[in-house]
Amino acid sequence: MSSAPHDPFYSSPFGPFYRRHTPYMVQPEYRIYEMNKRLQARSEPSDFLEASKIANMCGFEDSDNLWWDAFATEFFEDDATLTLSFCLEDGPKRYTIGRTLIPRYFSTVFEGGVTDLYYILKHSKESYHNSSITVDCDQCTMVTQHGKPMFTKVCTEGRLILEFTFDDLMRIKTWHFTIRQYRELVPRSILAMHAQDPQVLEQLSKNITRMGLTNFTLNYLRLCVILEPMQELMSRHKTYNLSPRDCLKTCLFQKWQRMVAPPAEPTRQPTTKRRKRKNSTSSTSNSSAGNNANSTNSKKKSAAANLSLSSQVSI
């Protein structure tokens with residue numbers, strides 16, 4: 001008797017009651033599994049050589065950037081944002097980058113000496129909305145395998161909150177990773193090889209990352225603080241092929257137009273309403289004053305009539 005496959009996404013041919021859930025709509029963690037596979041393929045030399053050959057055939061020089069752009073297009077929305085929160089020696093840090101800067105962020109991880117990168121999600125919670133799916137994982141681990149300056153495995157632990165679009169592509173809209181702690185693991189074999197060399201042991205005892213992030217990635221995040229406001233200039237330069245000076249002139253001119261020509265009509269409407277209210281109040285006050293004057297005049301007339309009558313009667 002054959003047992004069913006152990007694949008969690010196995011679809012049984014015996015009807016809907018025995019069928020597993022579809023990988024995209026019901027299990028968004030499968031997208032992280034696919035991302036890990038894509039990142040693992042990036043670290044393989046054969047995959048990179050094949051991508052570089054295709055890029056050279058198409059006339060492109062930088063195949064590495066093309067690969068990361070394709071990676072970000074596959075897993076991130078066009079308006080996606082990636083946020084990292086952690087605490088360094090000089091205080092807490094929080095960096096948020098847009099979609100155009102996300103490919104470069106992942107490439108800096110590998111440029112800092114990382115040969116393998118993948119994410120492990122444990123006990124994550126899913127919540128479904130009208131147009132999105134939110135995955136909240138309080139026990140997320142980012143595992144990076146470093147080949148330089150020494151062979152080290154770094155486990156960065158924290159909370160990962162992902163928001164996916166509820167469609168067929170199911171790409172990430174927001175990525176927020178809050179780092180709590182990290183561990184750097186050195187194999188015992190390397191320690192045993194250099195047990196008699198105190199200088200090497202001292203070097204092995206030093207951390208090669210800061211909160212699980214390499215210096216390449218940290219410097220890039222600091223640079224993104226300057227690059228993020230310049231996205232409008234870069235997109236205009238890419239779209240219209242203008243010089244940097246012309247892009248700056250057009251952007252400043254458009255911002256000047258927005259400042260000089262604000263929506264003035266909506267501001268006039270409440271003033272006219274106020275004037276109407278003032279006129280109405282003044283008219284009511286005038287009418288009330290007129291009524292009071294008429295009442296006083298009538299009272300005076302009645303009093304005068306009473307006086308004349310009384311005088312006539314007394315005579």
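Hydrogens, waters and symmetry mates play no part in the numbers below; they use all other heavy atoms, side chains included.
Other cluster members for Phe216: none, since no ILVMFWY side-chain heavy atom sits under 4.5 Å from it.
Under the side-chain hydrogen bond (donor to acceptor under 3.5 Å, both in side chains) criterion, Glu202 pairs with no residue, sequence neighbours left out. Take Arg104 and apply the salt bridge (charged side-chain N to carboxylate O under 4.0 Å, His left out) test, not counting sequence neighbours, and it matches Glu111. For Arg94, there are no salt bridge (charged side-chain N to carboxylate O under 4.0 Å, His left out) partners two or more places apart in sequence or in a different chain. For Asp136, the side-chain hydrogen bond (donor to acceptor under 3.5 Å, both in side chains) partners are Arg159, not counting sequence neighbours. Taking the ring pair (Phe, Tyr, Trp, His ring centres under 6.0 Å) definition, one finds that Phe164 meets it with nothing, sequence neighbours left out. With sequence neighbours excluded, no residue satisfies side-chain hydrogen bond (donor to acceptor under 3.5 Å, both in side chains) with Asn36. In this view, Asp90 and Lys93 satisfy the side-chain hydrogen bond (donor to acceptor under 3.5 Å, both in side chains) rule, not counting sequence neighbours. By the salt bridge (charged side-chain N to carboxylate O under 4.0 Å, His left out) test, Glu163 is found to be paired with no residue, residues two or more places apart in sequence or in another chain being considered. Under the rule for a salt bridge (charged side-chain N to carboxylate O under 4.0 Å, His left out), Asp79 has no partner lying at least two apart in sequence or in another chain. Here Tyr220 pairs with nothing under the ring pair (Phe, Tyr, Trp, His ring centres under 6.0 Å) rule; sequence neighbours left out.
Counted by atom type alone, Arg99 and Thr73 present one or more donor-acceptor pairs between their side chains at under 3.5 Å. Thr96 and Thr83 form a side-chain donor-acceptor contact under 3.5 Å, judged by distance and modelled atom types alone. With hydrogens and angles left out, the side-chain atoms of Ser85 and His176 include a donor and acceptor closer than 3.5 Å.
For Trp68 and Phe110, the gap between ring centers is short of 6.0 Å. Aromatic ring centres of Tyr119 and Trp175 lie closer together than 6.0 Å.
When atom types are taken as modelled, the side chain of Thr115 and the backbone of Gln145 share a donor-acceptor pair closer than 3.5 angstrom.
Using a 30° and 60° split on the angle between ring planes, Tyr128 and Phe166 fall in the perpendicular class, above 60°.
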task = Please lay out, stage by stage, how Thr209 and Glu184 fare under the test side-chain hydrogen bond (donor to acceptor under 3.5 Å, both in side chains).
result = CA-CA 8 Å; Thr209 63; Glu184 296 187 359; 2.6 Å; yes
Can I get a per-line list of side-chain donor-acceptor pairs under 3.5 Å for residues 244-252, giving both atom names and the distance, sequence neighbours left out?
unit_1 : atom_1 : unit_2 : atom_2 : d
Asp246 : OD2    : Ser243 : OG     : 2.9
Thr250 : OG1    : Asp246 : O      : 3.0
Thr250 : OG1    : Cys247 : O      : 2.8

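Pairing each heavy atom of Gly212 with each of Val154, the nearest pair is CA-CG1, 4.0 Å.
A salt bridge links Arg171 with Glu77: at least one charged nitrogen is closer than 4.0 Å to a carboxylate oxygen. In this structure, Glu34 pairs ionically with Arg31, as a charged nitrogen and a carboxylate oxygen lie closer than 4.0 Å.
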